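Note that the structure is predicted; figures quoted are calculated from it, not measured.
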Amino acid sequence: MPTARESLLDAALSALAGLPWSGVRMVDVASAAGVSRQTLYNEFGSKDGLARALVRREADVYLRGVDRALADLPQASPTGSGAGGTPIGPAERLVHVAEWTVGSARSSALVRALLTGCWSERLPAPSVRTTAAVSAVPAQRRADAGVPGPAELIAAVRDRALAALEKEVPGADPVELGRYCETAVRLGLSCVVAPPGRGEGHAGYIRSVLARLPVRAVG
């Protein structure tokens, strides 16, 4: 059963689907979540705190999907091979990270804004990270740090990919491999901003570009 915090965030996200953030009212969010408005303020402190927590949750959902893409492929067998018995290589894992990035950015306006830095008036404007004094409310304190910018979020994906793949490609330079990982997610993002032509899907485009990059021992 979801906690009051999760129910409130779900209610806020549902409200945002039909209204600009400026039109989302705290009292309506609380009512939709089945809690009092005081509970909402106790949890997030303010509407800005709710906005930060909502955006941060979307970032966390995206990053958890990145971890899944690095760990698995669709129809992969328990032995770590694909459906046809082909070993799952690092490059293919990165293709799936890029595909997850494309799908996430297309399905979630908040993820797209987090990755591109383009925030429309309909979305809750992110607060910059700050070291100012934090609220005494524990849940609010978790949101006071603000939300990650595009460079920070892409770096988080790169670091996750590097940690997952460096043991599989011991002959690769960590710096070079890190750049390769970052290129994969940026390729995915480029497919959101400027999709490939009809003759080539985004997965094929990403594979073709990654195959041309000079990273030793990655296949």
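With a 4.5 Å cut-off on side-chain heavy atoms, Leu165 and Cys181 count as touching. For the pair Thr101 and Tyr62, the minimum side-chain heavy-atom distance is below 4.5 Å. Using a 4.5 Å heavy-atom threshold, the side chains of Lys47 and Arg25 count as separate. Considering only heavy atoms from C-beta on, Glu43 stays 4.5 Å or farther from Leu40 through its side chain. For the pair Leu16/Leu110, a side-chain contact is recorded, criterion being any heavy-atom separation below 4.5 Å from C-beta on. Within the 4.5 Å cutoff, side-chain heavy atoms of Leu50 are placed close to those of Leu9.
At a threshold of 4.5 Å between side-chain heavy atoms, the hydrophobic network of Ile, Leu, Val, Met, Phe, Trp and Tyr places Leu8 and Val61 in two separate groups. There is a path of hydrophobic side-chain contacts, each under 4.5 Å, that joins Leu54 to Trp119. No path of Ile, Leu, Val, Met, Phe, Trp and Tyr side chains, each step under 4.5 Å between heavy atoms, connects Val97 with Val102, placing them in separate hydrophobic clusters. The hydrophobic clustering, which links ILVMFWY residues whose side-chain heavy atoms are closer than 4.5 Å, places Trp21 and Val111 together.
Under a 3.5 Å cut-off, the side chain of Ser208 and the backbone N or O of Tyr205 do form a donor-acceptor pair. For Arg56 (side chain) and Val147 (main-chain N/O), no donor-acceptor pair under 3.5 Å exists by modelled atom type. For the pair Trp100 (side chain) and Leu63 (backbone), a donor-acceptor distance under 3.5 Å is absent. The closest donor-acceptor contact from the side chain of Ser190 to the backbone of Leu187 lies under 3.5 Å.
Other residues, nucleotides and ligands contribute at most 12 non-hydrogen atoms within 6.0 Å of the CZ atom of Arg179. Heavy-atom neighbours of Arg37 CZ from other residues, nucleotides or ligands within 6.0 Å: at or below the threshold of 12.
In terms of the side chain to side chain contact (heavy atoms under 4.5 Å, CB included) criterion, residue partners of Ser36 (sequence neighbours excluded) are, by chain and number, Gln38, Thr39. Remark: Glu99 pairs with Val95, His96, His202, Ala203 by the side chain to side chain contact (heavy atoms under 4.5 Å, CB included) rule, at least two apart or across chains. Applying the side chain to side chain contact (heavy atoms under 4.5 Å, CB included) test to Ser14 and every residue at least two apart in sequence or in another chain returns nothing.
When all heavy atoms of Met26 and Tyr41 are compared, the pair lying nearest together is CG-OH, 3.6 Å. Taking every heavy atom of both residues into account, Thr116 and Val193 meet most closely at CG2-CG2, 4.4 Å.
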